[in-house]
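Worksheet: the structure to be examined is printed underneath.
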Amino acid sequence: MRHDHDGRRVSRRRLIAGVSSLGLGGLLSASGARAGTVTTDLSSLLAGAGTCTLTPSATQGPFYFDAGKIRSDIREGKPGVRLRLGIRVQDSGTCRPLRDAVVEIWHCDAAGLYSGAEKESQGGSLGKPLMTDMTPSDDKRYLRGAQVTNPDGTVQFTTIWPGWYPGRTVHIHAMVHVSDRRVLCTQLMFDESVNTAVLARPPYSAHPGRDTSNDKDEDFRDGMLMTVMEDGDGYLGAIVLSADPDRR
C-alpha cells in the first residue's frame with residue numbers, strides 16, 4: 001500500500017458507503033487502498049494466533065470516531081515501544097478470510113491520552129465506556145487508522161504499545177466493517193508479563209500507578225489476547241478476528 005506522511009485521507013465512509021455502481025471492490029482497486037502482502041514474520045505469527053470461534057465483542061468505548069485516514073503506520077511520531085500488528089479477519093461460520101473488510105484500530109498513547117479527545121481522556125476513571133460515536137474535540141489524529149483486508153483477509157499496522165488509564169487494562173480498540181455494517185467491535189489485549197516489562201520502560205515509566213490488570217478488567221476475555229513476540233527493540237503482535245459478515 002502507498003501512503004504519504006500524513007496517511008491517505010480517505011474516509012472509511014468513502015470506502016463502504018455511496019459507491020454507486022462501482023462497488024466496494026472496484027473503489028478499492030481504483031484507490032489503491034487495499035493492504036498489501038503481510039510480512040513473513042507476521043504471517044508466521046498469525047498462523048497460530050486464533051481459531052474460528054466468534055471473537056468476543058466489547059464496547060467501543062467513549063473515544064471512537066471516523067478518523068478518515070487509511071494508513072498502516074499510525075504513530076505520528078508518538079514516543080513508545082514499537083508494535084507491529086498483524087490482523088486476519090475471517091468468517092466465523094466458514095473460517096474463510098474476509099476480503100475487503102475495513103479494519104479500524106485506535107488506542108491511547110503512553111500517557112493514557114486519546115487523539116481527538118485529549119481533554120476528555122485526562123485523569124480520573126472513565127467509568128463504564130459508552131457505546132457512542134464522539135465528535136472530536138481537538139485536531140490530533142495519532143494512534144488511529146484503518147486498513148482494508150487483502151485476499152487473505154489480513155492487514156498490518158505499525159504503532160506503539162498502548163499505555164493505560166484508570167479503570168482499564170492495556171488494550172487496543174478494533175472495529176471491523178463489511179460493506180456498510182459494523183460487524184465486530186472488540187479489543188486487543190496482551191499478556192501481563194509483557195505489559196509489565198514494557199510499562200517499566202520510558203516513556204511509560206513516567207506514568208506510574210497502573211490500577212487495573214487483565215484479571216480485574218471487566219471487558220477482558222481470553223479470546224482478545226494477542227500472540228506476541230519480541231522484534232528487535234519492539235514487538236510483533238498477531239490475532240485472528242472471527243466475525244459474522246451477515247450481522248445486522
Side-chain angles (χ1 to χ4, degrees), residues 7 11-13 16-17 55-71 74-76 78-80 83 85 87 102-147 157 159-177 180-190 195 198-199 203-204 206-221 223-226 237 239 241 243 247-248:
S11 168
R12 174 187 55 77
R13 293 189 179 94
I16 63 179
T55 298
S57 60
T59 56
Q60 68 186 43
F63 303 133
Y64 171 76
F65 58 89
D66 181 354
K69 285 192 173 183
I70 302 296
R71 60 195 184 153
I74 64 174
R75 291 174 292 180
E76 295 284 0
K78 272 287 174 180
L83 175 63
L85 297 177
I87 301 173
V102 178
V103 180
E104 288 184 277
I105 65 169
W106 67 102
H107 64 86
C108 70
D109 68 5
L113 302 182
Y114 282 85
S115 64
E118 286 193 343
K119 179 180 178 181
E120 292 84 353
S121 55
Q122 284 180 6
S125 176
L126 296 171
K128 188 169 181 60
L130 303 174
M131 282 293 291
T132 56
D133 294 4
M134 73 168 292
T135 299
S137 60
D138 61 59
D139 60 1
K140 309 248 183 7
R141 295 296 180 269
Y142 54 81
L143 309 181
R144 294 181 184 268
Q147 286 278 279
F157 293 94
T159 186
I160 63 170
W161 200 274
W164 66 275
Y165 51 90
R168 289 303 320 274
T169 192
V170 177
H171 64 281
I172 293 174
H173 294 273
M175 188 180 291
V176 177
H177 309 259
D180 60 349
R181 303 184 307 279
R182 297 178 181 182
V183 301
L184 179 65
C185 185
T186 190
Q187 296 175 26
L188 316 180
M189 300 185 186
F190 308 91
N195 280 332
V198 171
L199 296 181
Y204 306 91
H207 183 219
R210 181 181 175 216
D211 64 357
T212 306
S213 54
N214 289 347
D215 62 349
K216 295 201 166 96
D217 189 284
E218 63 181 27
D219 283 329
F220 174 80
R221 301 291 183 274
M224 297 175 178
L225 276 173
M226 302 200 75
I239 194 167
L241 300 181
R247 176 182 173 183
R248 296 288 178 178

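Keep in mind the model is a prediction, meaning the values are calculated, not measured. Just so you know, these numbers use all the heavy atoms, side chains as well, and skip hydrogens, waters and symmetry mates.
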| query | Nearest 0.5 Å, what's the CD1-CG distance between I172 and L85? | reply | 4.5 Å
| Any idea which heavy atoms bring S57 and M224 closest together, and the distance? | O-CE, 3.8 Å
| query | Does D217 reach the main-chain N or O of T169 with its side chain, forming a donor-acceptor pair under 3.5 Å? | reply | yes
| Residue pair H207 / A110: nearest heavy atoms and the distance that separates them | ND1-O, 3.7 Å
| note | H173 meets the ring pair (Phe, Tyr, Trp, His ring centres under 6.0 Å) criterion, sequence neighbours left out, with W106, H171
| task | Check for a donor-acceptor pair, side chain of T159 on one end and backbone N or O of L83 on the other, with a separation under 3.5 Å. | result | no
| Any ion pair linking E76 and K69 (charged N to carboxylate O, less than 4.0 Å)? | yes
| Do you know which two heavy atoms are closest between P162 and Y204, and how far apart they sit? | O-CE2, 3.9 Å
| Heavy-atom closest pair, residues V170 and M189 | O-CG, 3.9 Å
| said: Is there a side-chain contact between L188 and H107 in this structure, where contact means two heavy atoms from C-beta onward sitting under 4.5 Å apart? | reply: no
| remark: Applying side-chain contact (heavy atoms from CB on, under 4.5 Å) to S115 and not counting sequence neighbours gives K140, Y142, R144
| task | Find out whether F65 and R141 are in side-chain contact, i.e. whether some heavy atom of one side chain is under 4.5 Å from a heavy atom of the other. | result | yes
| message | Under a 3.5 Å distance rule, please check whether Q187 uses its side chain to pair with a backbone N or O of T59 as donor and acceptor. | response | yes
| request: Report the C-alpha distance between I105 and L143 in whole Å, list the side-chain angles of each, state the deciding distance to 0.1 Å, and finish with yes or no for side-chain contact (heavy atoms from CB on, under 4.5 Å). | output: CA-CA 8 Å; I105 65 169; L143 309 181; over 6 Å; no
| query | Side chain of D211, backbone of G167: donor and acceptor closer than 3.5 Å? | reply | yes
| Given the rule in the salt bridge (charged side-chain N to carboxylate O under 4.0 Å, His left out) test, do D109 and R75 qualify, once you have shown the distances and angles that lead to the verdict? | CA-CA 9 Å; D109 68 5; R75 291 174 292 180; over 6 Å; no
| query | Between the side chains of Y64 and E104, is a donor N or O closer than 3.5 angstrom to an acceptor N or O? | reply | yes
| R221 side chain near T55 side chain, heavy-atom distance below 4.5 Å | no
| field | Check: I87 and F157 side chains under 4.5 Å, non-hydrogen atoms | value | yes
| request: Give the minimum heavy-atom separation between I239 and L225, together with the two atoms involved. | output: CD1-O, 3.9 Å
| said: A side-chain contact here means heavy atoms from C-beta on lying under 4.5 Å apart; do D138 and K119 qualify? | reply: no
| query | Side chains of S121 and Y165: closer than 4.5 Å at any heavy-atom pair? | reply | no
| If every non-hydrogen atom of N214 is compared with every non-hydrogen atom of F190, which pair is closest and at what distance? | ND2-O, 2.8 Å
| Donor-acceptor under 3.5 Å (Q60 side chain, C185 main chain) | no
| task | For S213, enumerate each residue passing the side-chain contact (heavy atoms from CB on, under 4.5 Å) test, keeping only those at least two apart in sequence or located in another chain. | result | E192, R210, D215, K216
| said: Using a 3.5 Å distance criterion without hydrogens, assess whether the side chain of Q147 forms a donor-acceptor pair with backbone atoms of R71. | reply: yes
| said: Measuring only between side-chain heavy atoms, which start at C-beta, is M175 closer than 4.5 Å to V102? | reply: no
| message | Assess, by modelled atom type and distance only, whether the side chains of W161 and N195 contain a donor and an acceptor separated by less than 3.5 Å. | response | yes
